[in-house]
Amino acid sequence: MAKSTRWSVEENNPEHLPICQHKDELVQAVKTSPFLVVTGETGSGKTTQLPQYLCEAGFCKDGKIGITQPRRVAAITVAQRVAQEMQCTLGKEVGYQVRFDDCTSQDTLVKYMTDGCLLREILSDSSLSQYSVVILDEVHERSLNTDILLGLIKKIFSGSSKITRGRSSPLKVVVMSATLETDKLSAFFSDCPVFTIPGRLFPVCCSFGSAVGPKDTESIGYVKEVVKVALDIHGSEPAGDILVFLTGQTEIERACDLLFEKAECIDYRFDVQDQTVDGILILPLYGSMPTDQQRQIFQPPPPGIRKCVVATNIAATSLTINGIKYIVDSGFVKQLNHNSRVGMDILEVVPISQSEAQQRAGRAGRTSIGKCFRIYNKEFWEKCMPEYTIPEIQRTSLTAVILTLKCLGVHDVIRFPYLDCPEERFILEALKQLYQYDAIDRRGKVTHLGELMVEFPLHPSLTRAVLKAAALGCQDLLLPLAAMLSVENIFIRPGLLFSQPEKQKEADEKHSALAAKTGSMNDFARLLSVFQLCKSSDRPSAWCKENWIHWRALKSAFSIETQLREILLRLQQKKDFPVETFDGNKSELFRRCLCTGYFTNVARRSIGKVFCTMDSHGSMVHIHPSSSLFDQEAELNWVIFHDVLVTSRVYIRTVCPIRYEWVKDLLPKLHEVDVYELSSVAREEVTEEEVKRWETKEAAKRPPDVCVEDAMKKLEKRNNETSVSDARARYLQRKQQRNLSKSN
DNA sequence: GAGCACTGC
């Protein structure tokens, strides 16, 4: 649902916005300072009005005004809104650009875009010569791309010599944020002025509960508690809708079930249209839900009925629901964290930050005074919840970002001006990976291959495989696969609580059948086959429904494949595109290409069903039951995998059998460079001596079998101290508690 | 023998 739907009649008149009284001061502030921080709560009008003020004041004479947003919907809907206010056609004076959708023209003066789009633009025009003003919005959200943009803009436009290079006048930079951390932002841009605009949110009264305390950090017993609180609200509070925050699909389904049970309706099913019981309409909401079901959330409830939406964090920023007066906050969120100790991403349930809790509470104060019921106590707030959310740049794998920076000429990626520095080992690990993919050389310089790789909006491992395939002339196999691996999970598996178990069984059977059709048990081939079968189908959406496949996800895979194909064609027309030949069958060719990118993700069968990864961490892993290779015993000794999931075990998902010979020559590279030796590469201060030392190491390559033994020893040594074990222990604890509360 | 929040190029 578009954000624009929430503006009330009064808000429709921009002259009533708090920002209006400060128009002249704001324009003056932008004129006098190269950098400016503007803060103001939601509803102050800064996103829609400031660009118009600047345009009016003549800032569009020498270039565009560019405004970045972390989300696509926001970029599009705000542009629509501003075009309407400026009484022009969208795409003319006011436009927007997001991936797959460029709605701008020669005449565009005010351009809204996602932060990723501006980052791409800097890659081809580092002086941002088209713009007179760049406004970075929603900076407090600290998205990875916005953080990188902050550093880049500071770096490019702080050195006086570069300010005017390729530009007629100096660039003006405005950074907009909610009221948090503004001092930090001002200090980052050489103590630039801070402009504060009052917000226009209604007060939200927050109360703490007693159900969750510091000891319950990992508990999911809170599902029962949020249900209880929601029913209390329903029984005792005046009219107004309820929004409950939980962490994931399973939890939400369980909470909805409990709500219905308690509201004395036992015959509830997901499919049933009339979901109203005892005056309360219960609606689940999460990202992977079908769009038509999501749409239901936004319809006003029938008269006299109270709406209760049970949602993930999607309702915190991405979607705005009208009429919410009560918030029930579980205090938890599911977060993907990169763990450099084990070199993998781990999805885990963690307490939210205090600022995130305030954000959640704020969802109740958009149209009137609201109430927020936190189910955790004050002690939990103080001891378990960090003041601010850890910025994405400090939690995710940096491989792709570091390559982008290097291609932009930022060689010293450690001393890059980060607003918050990522841990050095995260950066070093990213460098090690880039070196392994041949994207950078031993001195940390970007290679020809690296320059090709940065053009693709994909993880470098996948890009490596795509480029190999292109060199061998089999891009038709790898491009669709890369697109499929870029989108959310395409296999639908209905939950047990809301759907009948037979539906789950049916979905599983359909998915296995798709694997069988390819003739080879290989999850990558299965993905490719789903893409091809659906694309060639007469009625693709019906085909998806029949096979329990997400049509929405597959549609985006189709557009990504087209985009990747265009990028590849453009690169192939340039000189020096590598070309190789290969004799062998198609299946081997496909898998060999994959090996070029995924040799960092190789595992060898150790004992029984246990596999051991061949990277320097040597983790013990199992094949995930959703894999078509699950329980396939025969001759399956070497595999590559796309990703890792830590739950009751460490699982590898999306798996493909390979032959040892295909990775034999690549594996030693995994052990060639010690991460900690790479700090000099990061700074490009490598001495000849160091290069020699590495070369000696390479000469002493160990055969892979020794690697396995070493890896296993290392693993034993780490024993239960590893973070994977921690995550696993926490998972088991949660599961136990869940079962306990179930049986109660 | 299982369960993956949300973005973005």
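Bear in mind that the values here come from a model prediction, so they are computed numbers and not experimental data.
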From the set [options], return the single nucleotide nearest to any side-chain atom of [X].
X        : options             : value
A:Gln249 : B:dC9, B:dA2, B:dA5 : B:dA5
A:Gln504 : B:dG3, B:dC6, B:dC9 : B:dG3
A:Phe630 : B:dC6, B:dG3, B:dG1 : B:dG1
A:Lys609 : B:dA2, B:dC9, B:dG1 : B:dG1
A:Arg120 : B:dA2, B:dG3, B:dC9 : B:dC9
A:Tyr286 : B:dT7, B:dC9, B:dC6 : B:dC6
A:Thr312 : B:dA2, B:dC6, B:dC9 : B:dC6
A:Asn489 : B:dT7, B:dC4, B:dC9 : B:dC4
A:Pro625 : B:dG1, B:dC9, B:dG3 : B:dG1

Considering just the side-chain nitrogens and oxygens of [X], establish if one lies under 4.0 Å of OP1 or OP2 belonging to [N].
X        : N     : answer
A:Tyr651 : B:dA2 : yes
A:Ser626 : B:dG3 : no
A:Ser143 : B:dG8 : no
A:Arg653 : B:dA2 : no

Rounded to the Å, how far apart are [X] [atom1] and [N] [atom2]?
X        : N     : atom1 : atom2 : answer
A:Asp643 : B:dA5 : CG    : C1'   : 15 Å
A:Leu336 : B:dC4 : CG    : C1'   : 9 Å
A:His338 : B:dC4 : NE2   : P     : 19 Å
A:Gln97  : B:dG8 : CD    : P     : 14 Å
A:Leu149 : B:dT7 : CG    : P     : 19 Å
A:Leu246 : B:dC6 : CG    : P     : 13 Å
A:Asn145 : B:dC9 : CG    : C1'   : 7 Å
A:Gln335 : B:dC6 : CD    : C1'   : 10 Å

Discussion item. Between A:Arg570 and A:Glu566, does any NZ, NE, NH1 or NH2 come within less than 4.0 Å of an OD or OE carboxylate oxygen?
Written reply: no

Item to complete: Taking ring-ring contact (aromatic ring centres under 6.0 Å, His included) as the test, write out the residues that go with A:His622, two or more places apart.
Response: none

Worksheet entry | A:Phe630: ring-ring contact (aromatic ring centres under 6.0 Å, His included) partners, not counting sequence neighbours | none

Fill in: Aromatic ring proximity A:Phe380/A:Phe332, centre distance under 6.0 Å
yes

Worksheet item: After noting the C-alpha distance and the side-chain angles of A:Gln97 and A:Glu121, does the key distance pass the side-chain contact (heavy atoms from CB on, under 4.5 Å) rule?
Response: CA-CA 11 Å; A:Gln97 189 189 353; A:Glu121 242 177 83; 3.7 Å; yes

Worksheet item: Closest nucleotide of DNA chain B for A:Ile314 versus for A:Gln563: which of these residues is on the 5' side?
Response: A:Ile314

Practice prompt. Compute both the distance and the angle, then confirm whether A:Arg464 meets the cation-pi test with A:Tyr437: under 6.0 Å from the six-membered ring centre, within 45 degrees of the axis.
Written response: no

Worksheet item: Which part of the nucleic acid, if any, lies within contact of A:Leu144, taking any heavy atom under 4.0 Å across all strands shown: a base, the sugar-phosphate backbone alone, or nothing?
Response: nothing

Item to complete: Identify whether any heavy atom of A:Asn337 sits under 4.0 Å from a base atom; if not, whether one sits that close to sugar-phosphate; answer base, sugar-phosphate or nothing.
Response: nothing

